[in-house]
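The block underneath contains the structure these notes are about, expressed in structure tokens.
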2 protein chains.
Amino acid sequence: MSKSSTPRRRRGSARPTLTQVAEAAGVSSITVSRALNTPERVNPETRRHILATVERLGYVPNLVAGSLASASTRFIAVIVPSLANAVFIEVIQGLQETFEDAGYQILLGNTDYDLDREAQLVRTFLGWSCSALVTAGLRHSSACRSLLQQWDHPIMEMMELGEALDLNVGLDHTAAGRCMTHHLLSRGYRQIVYVGARMAEDYRAGMRYAGHREVLEDAELAAPLLDLARLGSLELGALALDQVLATHPRADAIHFANDDLATGALLHAQRLGIGVPKDIAIAGFNGLPLGQQVTPRLTTIRSPRQRMGQLAAEQLLARLAGEPVTLRQDVGFTLLPGDSS
Amino acid sequence: MSKSSTPRRRRGSARPTLTQVAEAAGVSSITVSRALNTPERVNPETRRHILATVERLGYVPNLVAGSLASASTRFIAVIVPSLANAVFIEVIQGLQETFEDAGYQILLGNTDYDLDREAQLVRTFLGWSCSALVTAGLRHSSACRSLLQQWDHPIMEMMELGEALDLNVGLDHTAAGRCMTHHLLSRGYRQIVYVGARMAEDYRAGMRYAGHREVLEDAELAAPLLDLARLGSLELGALALDQVLATHPRADAIHFANDDLATGALLHAQRLGIGVPKDIAIAGFNGLPLGQQVTPRLTTIRSPRQRMGQLAAEQLLARLAGEPVTLRQDVGFTLLPGDSS
DNA sequence: ATGAAAGCGCTAACAC
DNA sequence: GTGTTAGCGCTTTCAT
């Protein structure tokens, strides 16, 4: 049988295509494409007629087809370890604002602090031909690392500073840990317990502990550590306070890995009638609004989170536009001395 | 290889293609495709050889091409009005967990409470041939509505209940407003000020106010309203308290549109030495952990947020699998009487 | 169990 | 300024 007589048809969607718009408008499909993507290259009158036809048919461009043809998706892959932490939400907000204005769409992935999950997400995102990839942290599985190294698009590693694959925006967590502990020592505290949550996975909290410990060792003081098995939260901070009071009755201060834990402990102390900082001092990390609204105001370190997202986005956009970029950018941190220490 | 003398070449990416894997493995490209997508339909030995070749070449499937050919992306569009509100984060978490397990990728859009922005996001997401779309709320611009009506994929409208385009999961906000105000009346409060933020846009807060007002009118009481111009936050709650104290000196209770505002006011009262509920009672909405940790514990209404996300995802997956679904699902709410009222 | 051919809907490349 | 042609990398359809 002759194939020409019965052309093989695939199940197409009901949506009109560029070609159908072109036919209806009496022009070629490329002209419709230009009218939509580079209107200045089309005769104003033709353009108006085409846009009217687009409107009339309810044409919505198939971005998948366009991406395949142009080998570009305008997707930005963003990989974070958790959505339960306000810090990453603020970073995502910073990224989203800047990228959406530039016409990029964010593809969000959540690793739950699992490096294998990260590798899997990276595979998927590379498969979508993303324009760039943003990930939290410098530590990756070897599979993930080799995937990223072979990739020929911009990569931004955020949150911490160090040996990066490509671009890097972050802060020095060890220095932040040192800074806070110096502060606590200057206030006269000597029995300081460090409390973190899942620190094997949240290794940046581990880096802050390392800085903390360094300072205490220089002062010839012990650096007891409590590493909780669940993810940080207000509730967990309350539990942690109980635990520290039970196991370290002589402790005069607690250095928490983040503000959620610290604020949870602070509010719990309030319920228990324990004086902060009279009976025990409390410090956190992040500078979330919450800690600044409680009484006593939480002593903490502010990291420029939304700014970090913005900066990451700006650097990536510059790189995508072929402009010069700063490979490594330290966004710093600020000690916020409160009344809880 | 023996095509025309100078075949026109496009700039292809450096990545190996399915065809190249096929050539290297000595099979046809469709066999490689099957080995990856439907392994059970390929001879085990052939499959092993192909997978080894895939590994050796570092092949990563081009999902854009696959999606164009199969007319399916496994994308789920998720549109929320804000990322600054913990409520939407929890809903997104619920959606993400369920959908990622089922092999879907979420495409996140943020409208900033702007219906035109929503319409624009919907256009983009339809262009990506998403498998389904989730959006917060039942109100849309007419442009958005007609786009969605023409679309032939599942749509889930979340958060509130009512006349939906397709699927609907949510709760009755007017009833929630009534519930809280009944509670406040039963506690003896009579001069109750309602405080919301950007209620023209956050119209669900407006629905709760309507319920609140209804109950007060039945009791022949006034229902003064303070509608703040900025987005809800702890800081704004503090400001709101000042403002209510100044403009409604005889108020004995404040019914806040959400927990962020309420908790901000509560913490501010603490700073000012104003007794809660002795001098003024405070109530919120959402049941966020924060409100449950402060002293006095916040009186609020808990909405099943993460559950709402999960349920939305489950219903959509069922619909995508051609299974029967519940078109409208009321997830309800629970009054959490605290010590702040 | 495997393959050949066609085509998804669009844009890049090259005319005129 | 507009059109022609080829092709992006994959999956569907049909054949063996």
Side-chain angles (χ1 to χ4, degrees), chain A residues 1-23 25-50 54 57 59-74 126-129, chain B residues 3-23 25-50 54 57 59-74 126-129:
Chain A
M1 47 184 121
S2 101
K3 297 188 172 177
S4 44
S5 61
T6 322
R8 206 188 280 178
R9 296 258 74 205
R10 296 174 78 157
R11 73 126 197 280
S13 68
R15 280 164 44 190
T17 69
L18 193 71
T19 310
Q20 288 169 1
V21 174
E23 279 169 11
V27 295
S28 77
S29 57
I30 188 67
T31 304
V32 179
S33 172
R34 285 198 269 252
L36 293 169
N37 300 318
T38 51
E40 71 280 4
R41 292 194 192 176
V42 172
N43 184 305
E45 204 162 324
T46 319
R47 187 199 320 162
R48 215 166 335 105
H49 177 224
I50 289 175
V54 162
L57 298 186
Y59 170 69
V60 177
N62 183 328
L63 299 175
V64 178
S67 295
L68 179 61
S70 67
S72 135
T73 53
R74 297 186 83 81
L126 298 200
W128 280 115
S129 308
Chain B
K3 270 213 163 183
S4 54
S5 54
T6 321
R8 203 188 282 177
R9 297 260 72 205
R10 294 173 80 155
R11 73 123 197 283
S13 69
R15 279 164 45 189
T17 68
L18 194 71
T19 310
Q20 287 168 2
V21 173
E23 278 168 11
V27 294
S28 78
S29 59
I30 186 61
T31 305
V32 179
S33 172
R34 284 197 269 251
L36 293 170
N37 299 319
T38 50
E40 71 280 4
R41 290 195 192 172
V42 172
N43 184 303
E45 203 162 324
T46 319
R47 186 201 318 162
R48 213 164 338 104
H49 178 223
I50 290 174
V54 162
L57 298 186
Y59 170 69
V60 177
N62 184 327
L63 300 174
V64 178
S67 296
L68 178 60
S70 67
S72 134
T73 52
R74 296 187 83 81
L126 298 198
W128 280 115
S129 307

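All values reported here derive from a predicted model rather than from experimental measurement. A note on names: the letters A, B, ... follow the listed sequences, proteins ahead of strands, and every chain is numbered from 1.
Rounded to whole Å, the distance from CD on A:E23 to C1' on D:dT2 is 17 Å. One interatomic measurement links the two molecules: CH2 of A:W128 to C1' of D:dC10, which rounds to 12 Å at whole-angstrom precision. Rounded to whole Å, the distance from CG on A:N62 to P on C:dG7 is 18 Å. Taking atom NE2 of residue B:H49 and atom C1' of nucleotide C:dT2, one finds them 15 Å apart after rounding to whole Å. Computed from coordinates, the A:R15 CZ to C:dG9 P distance equals 9 Å when rounded to whole Å. Taking atom CD of residue A:Q20 and atom P of nucleotide C:dG7, one finds them 15 Å apart after rounding to whole Å. Regarding B:L63, its CG atom lies at a distance of 10 Å from the C1' atom of D:dC10, rounded to whole Å. Rounded to whole Å, the distance from CD on A:E40 to P on D:dG1 is 10 Å.
For B:T46, the side chain to side chain contact (heavy atoms under 4.5 Å, CB included) partners at least two apart in sequence or on another chain are B:V27, B:T31, B:V42, B:N43, B:I50. With sequence neighbours excluded, the residues forming a side chain to side chain contact (heavy atoms under 4.5 Å, CB included) with A:S129 are A:T73, B:R15, B:N62, B:V64, listed by chain and number.
Within 4.0 Å of B:V27, counting heavy atoms only, lie sugar-phosphate atoms of the nucleic acid but no base atom.
Of all nucleotides listed (C:dA1, C:dT11, D:dT11), C:dA1 comes nearest to the side chain of B:N43. Taking every side-chain heavy atom of B:T46 into account, C:dT2 is the closest of C:dT2, D:dC8, C:dC8. Here the nucleotide nearest the side chain of B:L68, chosen from C:dC8, D:dG1, D:dC8, is C:dC8.
Atom CD of B:E40 is surrounded by more than 12 heavy atoms from other residues, nucleotides or ligands within 6.0 Å.
Interatomic distance, OG of A:S33 versus CZ of A:R41, reported as 10.5 Å (0.5 Å rounding). Taking CG of A:N37 as the reference point, atom CD1 of A:I30 lies at 8.5 Å (rounded to 0.5 Å).
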Quiz item: Would B:S67 and A:W128 count as a side-chain contact (heavy atoms from CB on, under 4.5 Å) if you check the C-alpha gap in whole Å, the side-chain angles of each, and the deciding distance to 0.1 Å?
Solution: CA-CA 10 Å; B:S67 296; A:W128 280 115; 3.1 Å; yes

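Counting all heavy atoms, side chain and backbone alike, B:P16 lies closest to B:Y59 at O-CD1, 3.3 Å.
A heavy-atom distance below 4.0 Å to DNA chain C is reached by these residues of residues 28-39 of chain A, ordered by number: A:I30, A:S33, A:N37.
The shortest distance between the side-chain N/O atoms of A:Y59 and the OP1/OP2 oxygens of C:dG9 is not below 4.0 Å.
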